[in-house]
A.B. asks: 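Before anything else, here's the structure in question.
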Amino acid sequence: QYAGGQAVVTITPGLGQAITIKGHPAAASAATLVLSLNEPLRVALTSSTRIDLVPNQFRGVIQNPITTLTGVCVGVATYIITAAEYGWIQRSGLCGALIAGTPAVGVAIVVPGTAAGAAVVDGAAAATLVVGSMASTGGDGECNGVMLALE
């Protein structure tokens, strides 16, 4: 579940360490979870230390829903990827992205949008994430040129 994700120390000692999780055996929710890490701890942890386990952001990726994000936006699929497939997700540079509305060139676009999987003009809403800016004039329901900035 957490392989490829991060163990982030949120309460000292060890505050701020973020270490990639190599793997772990399956464990029930109330059981002790033993992590195998990709690198050694830089500061020894104690029973006072608290750790957030952050899953690999590319595991179980879904299309952005309408109105409320359910996770981190990881990029734009370069083609329709079914649940039975692996696929390519672009995070930066010029790409074609589904757009809702008709934003002008240079305008920041955000998710979630008004259509599932679509980006919209940045309305400065607190619950949105800027994913990039328009490289061409947007056409509602079209895939238009977007300069992604998710890295």
Side-chain angles (χ1 to χ4, degrees), residues 1-100 103 106-135 143-151:
Q1 180 178 354
Y2 293 104
Q6 298 277 314
V8 181
V9 179
T10 58
I11 295 180
T12 200
L15 182 66
Q17 292 184 83
I19 300 172
T20 303
I21 300 168
K22 186 184 298 184
H24 59 83
S29 62
T32 299
L33 182 63
V34 178
L35 301 174
S36 173
L37 303 174
N38 278 348
E39 57 208 72
L41 294 169
R42 293 180 296 281
V43 175
L45 308 180
T46 71
S47 59
S48 298
T49 303
R50 295 293 176 261
I51 298 174
D52 280 351
L53 297 179
V54 181
N56 182 327
Q57 64 183 352
F58 297 103
R59 183 176 186 263
V61 172
I62 63 167
Q63 176 176 283
N64 271 328
I66 299 172
T67 68
T68 304
L69 292 175
T70 56
V72 175
C73 178
V74 296
V76 173
T78 57
Y79 62 92
I80 296 171
I81 305 168
T82 70
E85 297 177 316
Y86 291 95
W88 178 260
I89 297 175
Q90 187 171 342
R91 297 181 47 80
S92 64
L94 184 65
C95 78
L98 180 62
I99 301 298
V107 171
I109 56 168
V110 301
V111 293
T114 53
V120 295
V121 173
D122 184 3
T128 61
L129 170 70
V130 175
V131 295
S133 58
M134 293 300 298
C143 283
N144 300 120
V146 169
M147 187 59 73
L148 290 177
L150 289 167
E151 293 204 39

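Worth saying up front: this structure is predicted, and the values here are computed from it rather than measured. Residue indices begin at 1 and follow the sequence shown.
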A.B. asks: At what distance, to the nearest 0.5 angstrom, does CD of E151 lie from OG of S92?
C.D. replies: 4.5 Å

A.B. asks: If we only count heavy atoms from C-beta on, is the V111 to V130 side-chain gap below 4.5 Å?
C.D. replies: no

A.B. asks: Determine whether the side chains of T20 and Q6 contain a donor N or O and an acceptor N or O closer than 3.5 Å.
C.D. replies: yes

A.B. asks: Over all heavy atoms of both residues, which pair between W88 and T78 is shortest? Give the atoms and the distance, please.
C.D. replies: CD1-CG2, 3.2 Å

A.B. asks: Does the side chain of L98 come within less than 4.5 Å of V76's, by heavy atoms?
C.D. replies: no

A.B. asks: Do M134 and I109 have side chains that get closer than 4.5 Å, going by heavy atoms?
C.D. replies: yes

A.B. asks: Between T49 and T12, is a side chain to side chain contact (heavy atoms under 4.5 Å, CB included) present by the stated rule, with each step listed?
C.D. replies: CA-CA 5 Å; T49 303; T12 200; over 6 Å; no

A.B. asks: So, do V110 and L129 sit near enough that their side-chain heavy atoms are less than 4.5 Å apart?
C.D. replies: no

A.B. asks: Measure across I21 and Y2 and return the closest heavy-atom pair with its distance rounded to 0.1 Å.
C.D. replies: CB-O, 3.6 Å

A.B. asks: What's the spacing between I80 CD1 and E85 CD if we round to 0.5 Å?
C.D. replies: 10.0 Å

A.B. asks: How far apart are the closest heavy atoms of V131 and A119, and which atoms are they?
C.D. replies: CG2-CB, 4.4 Å

A.B. asks: Is the shortest heavy-atom distance from the side chain of V74 to the side chain of R91 under 4.5 Å?
C.D. replies: yes

A.B. asks: Return the minimal non-hydrogen interatomic distance between L94 and A135, and the atom names on each side.
C.D. replies: CD1-CB, 3.5 Å

A.B. asks: Drop me the distance from L33's CG to L53's CG, to the nearest 0.5 angstrom.
C.D. replies: 6.5 Å

A.B. asks: From Q17 CD over to L15 CG, what is the distance, rounded to the nearest 0.5 angstrom?
C.D. replies: 9.0 Å

A.B. asks: Go through the steps for V146 and I99 under the test side chain to side chain contact (heavy atoms under 4.5 Å, CB included), then give the verdict.
C.D. replies: CA-CA 9 Å; V146 169; I99 301 298; 3.9 Å; yes

A.B. asks: Using side-chain heavy atoms (C-beta onward) and a distance below 4.5 Å, is I51 in contact with T10?
C.D. replies: no

A.B. asks: Are any of the side-chain heavy atoms of I81 and V61 separated by less than 4.5 Å?
C.D. replies: no

A.B. asks: Is there side-chain contact between Q1 and H24, with heavy atoms separated by less than 4.5 Å?
C.D. replies: yes

A.B. asks: Heavy atoms only: give me the nearest L41-I19 pair and the separation to one decimal.
C.D. replies: CD2-CD1, 3.3 Å

A.B. asks: Can you name the nearest heavy-atom pair linking C73 to N64, along with the distance?
C.D. replies: SG-ND2, 3.8 Å

